[in-house]
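Please read the structure below before turning to the comments.
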Amino acid sequence: MHRLGIETRADLKEQTLEFLVEHFGKSGPYFYGIARGIDNRQVKADRVRKSVAAEDTSSEDIHSFEAAREGLQPLIEKVWSYCEANEISAKTVTLKVKYADFPDHPEQDGCGTFANDR
């Protein structure tokens with residue numbers, strides 16, 4: 001594509017279907033479609049799930065450990081129940097905290113062995 005002056009999606013979108021078929025053969029219609037947001041490939045949703053998550057936004061700022069623990073408990077229960085029901089175990093637990101100005105502050109604890117206790 002570089003040789004043909006196609007550097008961006010916008011450059012690709014400027015090309016005609018005929019041009020793309022001439023230069024890329026049976027891939028031409030695919031390139032023509034994806035440059036226009038058309039992708040008729042079947043969605044395959046049978047991938048192995050790599051994470052389990054739960055989240056909540058507090059309506060008030062949390063300033064104490066006890067308040068944070070109280071707010072986290074329903075999320076812990078939700079994730080733990082899902083993992084138990086689906087026989088999933090994990091080696092890493094990540095807690096991501098967002099502040100009022102929304103920077104992420106992820107904290108991870110890798111236990112080295114599979115977590116089996118809340």
Side-chain angles (χ1 to χ4, degrees):
M1 288 191 188
H2 179 74
R3 181 178 53 82
L4 297 170
I6 302 171
E7 303 281 339
T8 66
R9 184 200 60 85
D11 295 338
L12 186 59
K13 189 176 179 184
E14 288 178 4
Q15 306 307 316
T16 65
L17 177 58
E18 293 76 20
F19 176 88
L20 294 173
V21 169
E22 178 185 337
H23 291 280
F24 301 105
K26 66 181 181 178
S27 296
Y30 171 74
F31 292 141
Y32 184 84
I34 62 165
R36 290 158 178 79
I38 301 166
D39 186 352
N40 294 320
R41 293 177 295 176
Q42 183 177 359
V43 175
K44 296 180 182 178
D46 59 348
R47 297 185 325 205
V48 174
R49 184 177 196 153
K50 294 185 179 183
S51 65
V52 178
E55 63 180 69
D56 191 16
T57 302
S58 176
S59 59
E60 299 175 13
D61 289 345
I62 298 173
H63 297 284
S64 72
F65 175 77
E66 285 307 316
R69 183 183 176 108
E70 185 178 307
L72 286 172
Q73 197 59 43
L75 302 176
I76 292 167
E77 294 297 328
K78 182 177 181 179
V79 169
W80 194 267
S81 296
Y82 179 88
C83 289
E84 279 184 333
N86 292 280
E87 299 180 357
I88 297 171
S89 58
K91 287 187 177 182
T92 304
V93 175
T94 302
L95 172 65
K96 183 167 44 172
V97 178
K98 288 189 176 183
Y99 293 93
D101 57 352
F102 287 100
D104 287 346
H105 297 275
E107 296 294 331
Q108 287 189 349
D109 182 22
C111 54
T113 60
F114 288 99
N116 58 10
D117 189 14
R118 293 175 208 212

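Just so you know, residue 1 is the first one in the sequence shown, and it goes up from there.
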Pairwise distance [atom1]([X]) to [atom2]([Y]) - rounded to 0.5 angstrom:
X     : Y     : atom1 : atom2 : result
Arg36 : Arg9  : CZ    : CZ    : 9.0 Å
Leu12 : Met1  : CG    : CE    : 5.0 Å
Leu72 : Leu95 : CG    : CG    : 6.0 Å
Tyr32 : Thr16 : OH    : OG1   : 8.0 Å

Residue pair [X] / [Y], side-chain heavy-atom distance below 4.5 Å:
X     : Y     : answer
Tyr30 : Asn40 : no
Val21 : Phe24 : no
Val52 : Asn86 : no
Ile76 : Lys78 : no
Gln15 : Phe31 : no

Test Asp61 against His63 for side-chain contact (heavy atoms from CB on, under 4.5 Å), laying out the working first. CA-CA 6 Å; Asp61 289 345; His63 297 284; 3.3 Å; yes
Residues, nucleotides or ligands: over 12 heavy atoms within 6.0 Å of Glu7 CD: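 Count over threshold, so yes.
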Is it the case that more than 12 heavy atoms not belonging to Arg69 sit under 6.0 Å from its CZ atom?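 Check fails, neighbour count at 12 or below.
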For the pair Arg41 and Asp39, find out whether any cationic side-chain nitrogen is under 4.0 Å from an anionic carboxylate oxygen.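 Yes, Arg41 and Asp39 are salt-bridged.
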So, for [X] and [Y], which heavy atoms are closest and what is the spacing to 0.1 Å?
X     : Y     : value
Pro29 : Leu17 : CA-CD1, 3.7 Å
Pro74 : Gly71 : CD-O, 3.4 Å
Val79 : Ala54 : CG2-CB, 3.6 Å
Tyr82 : Ile88 : CE2-CD1, 3.7 Å

Test side-chain contact (heavy atoms from CB on, under 4.5 Å) applied to Glu55 and Leu75, step by step: CA-CA 7 Å; Glu55 63 180 69; Leu75 302 176; 5.6 Å; no
Keeping the roles fixed (side chain from Asp11, backbone from Thr8), state whether a donor-acceptor pair exists under 3.5 Å.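 Present.
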